[in-house]
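In what follows, every heavy atom counts, from backbone to side chain, and hydrogens, waters and symmetry copies are set aside. Predicted model, so just to flag it, every value in this text is computed and none were measured.
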Amino acid sequence: MIETNTPGMLDRPDPAHCTVCCCTMANRIFMVVFMLLLIFATLFGNFVTLAVVFGTKVFHTPQGYLKASLAVADLAVGIFVVPLSVYAEIHLMVTESGPEWTLYNSQLVSFHPCNIIGPIFAGCTFVSITTIFLLTIERSIAVLRPLHKDSVITRKRTTILIVLSWVGSFFLAVSPMVFSREIALEYNSCSRMCNYALGAIGEFPTQAWNILLLFPAFDFTLLGGTVVINIISLSSIRQHSKRRKTLAETECHNTSNPTFSDIKAAKTIGTLTVAFTASFTPIAVFVVGNVLGNEWCNFSFFAFWILATNSCWNVIIYSVRDQKFRLRAHKLFLPGHRQSSTTSKTQKTEEQ
């Protein structure tokens, strides 16, 4: 999301500024196909998530609301961010030059598409990080304090937190343009996306430096806290599993222990955290290297698109880890497909 290049007018993609995937016609075609598949996977997967969450009463929970918020953020990437890159790449293939707005940053034209798409990508990324953090908090309370779960985690409080996360994330996304005239948005020829960049200046100013550092500081703080909380929750689950056998042998039941569904949900959120951390790490490395003066054109391309692919992973993780979600998705899109037998297996598993 951050670039420290300072061009007034951006150069057309050339051997020095083209990525390994987009320098030849064959590679450009491959990249456009990849983008189109990513759009389809993102839209389909997250529409499935929203259909399952809003179409099933059992998912009308704080956790379900948070998953729906995450799906909406991912949908925005598939609807707005990736299609603009597809348009720019197809235009480049057909006319041998990118659209005119790709040659200028947002400070030099009256309207620039990146003024909209850039903050959407950044804002949705921040929403995703914040939502995963909130999901982790919600699951940690369910695992560590199961008796207090229903009184602490309510749908009203969760809805308020979701609204605050969206407002705060998009405020952070537009803050570079609001608080500094030196920061612009451009369609970067390396990443093939709209990025933040310095406008028409030759040196990195202190004020812009501080504003741009808000992004990695925010990301690292929330992701670091999410990882720590997940470790604590999963450690508690492991201890609970060790006690479980003893309790079963003595036929004692402790109502303060988390339920089987809470444990499964905590493990699912842990998997989500690992997936998002893995997809965000290349961007973090790139930002640090970029601030130190390294352009890393090819690495920029892979870092941004690895992050973009994270928008279609959530539904895959839910389908693999959450049996209730998988059953509901089958019922919605494959009605009658082995429904009765699968349902009985699920009931037996949850009773255990």
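- Side-chain contact check for Trp296 versus Val285: some heavy-atom pair is nearer than 4.5 Å.
- Put simply, the side chain of Lys324 reaches to within 4.5 Å of the side chain of Phe59, judged on heavy atoms.
- The two residues Ser165 and Thr130 have their closest heavy-atom pair at CB-CG2, 3.4 Å.
- Asn314 pairs in a side chain to side chain donor-acceptor pair (under 3.5 Å) with only one of the listed residues (Asp74, Asn46, Thr42, Thr49), which is Asp74.
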Take Arg155 and Thr61 through the test side chain to side chain contact (heavy atoms under 4.5 Å, CB included) and record every step on the way to the result.
CA-CA 6 Å; Arg155 285 185 288 185; Thr61 62; 5.8 Å; no
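- Side-chain polar atoms of Thr136 and Asn230 form a donor-acceptor pair below 3.5 angstrom.
- Both Leu135 and Ile316 are assigned to one and the same hydrophobic cluster, defined by single-linkage of ILVMFWY side chains at heavy-atom distances under 4.5 Å.
- Proximity of Lys267 to Leu234: side-chain heavy atoms (C-beta onward) are separated by under 4.5 Å at one or more points.
- Thr131 places none of its side-chain heavy atoms less than 4.5 Å from the side chain of Ser128.
- Applying the side chain to side chain contact (heavy atoms under 4.5 Å, CB included) criterion to Ile232, with sequence neighbours excluded, gives Leu144, Val228.
- Linking ILVMFWY side-chain heavy atoms closer than 4.5 Å, directly or via other members, places Ile231 and Phe280 in two distinct hydrophobic clusters.
- Annotation for Leu43 and Gly78: closest pair CD2-C, 4.1 Å, computed over non-hydrogen atoms.
- Side-chain heavy atoms closer than 4.5 Å link hydrophobic residues (I, L, V, M, F, W, Y) into clusters, and following such links, possibly through other members, connects Met93 to Trp305.
- Atom CD1 of Ile132 is separated from atom CG of Asn310 by 6.5 Å, given to the nearest 0.5 angstrom.
- Residues Phe325 and Thr268 form no side-chain contact, since every pair of their non-hydrogen atoms from C-beta on lies 4.5 Å or further apart.
- Ion pair Glu89/Arg192 flagged as a salt bridge, since at least one NZ, NE, NH1 or NH2 atom sits closer than 4.0 Å to an Asp/Glu carboxylate oxygen.
- In this structure, Phe47 and Leu75 have side chains that are in contact, with non-hydrogen atoms separated by less than 4.5 Å.
- Note that the CZ atom of Arg139 and the CD1 atom of Ile229 stand 13.5 Å from one another [nearest 0.5 Å].
- Panel note: side chain Tyr196, backbone Ala173; a donor-acceptor pair is recorded below 3.5 Å.
- A cation-pi arrangement, defined by a distance under 6.0 Å to the six-membered ring centre and an angle within 45 degrees of its axis, is present between Lys67 and Tyr318.
- Using cut-offs of 30° and 60° for the angle between ring planes, the Phe299 and Phe286 rings count as tilted.
- Aromatic rings from Phe121 and Phe80 are positioned such that their centres are separated by 6.0 Å or more.
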Check against side chain to side chain contact (heavy atoms under 4.5 Å, CB included), Asn195 and Leu185:
CA-CA 6 Å; Asn195 299 150; Leu185 281 154; 6.0 Å; no
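- Phe170 and Ile160 are assigned to two separate hydrophobic clusters, defined by single-linkage of ILVMFWY side chains at heavy-atom distances under 4.5 Å.
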Side chain to side chain contact (heavy atoms under 4.5 Å, CB included) for Leu37 and Phe40? Distances and angles first, verdict last.
CA-CA 5 Å; Leu37 291 175; Phe40 172 78; 5.6 Å; no
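- Among residue pairs with one or both ends in residues 62-103, none qualify as disulfide (SG to SG under 2.5 Å); sequence neighbours excluded.
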If you apply the rule side chain to side chain contact (heavy atoms under 4.5 Å, CB included), what do you find for Tyr187 with Ile117, and how did you get there?
CA-CA 10 Å; Tyr187 185 81; Ile117 303 302; over 6 Å; no
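- Proximity of Arg145 to Lys149: side-chain heavy atoms (C-beta onward) are nowhere separated by under 4.5 Å.
- When the side chains of ILVMFWY residues are joined at heavy-atom separations under 4.5 Å, either directly or via intervening members, Val167 and Leu172 end up in two distinct hydrophobic clusters.
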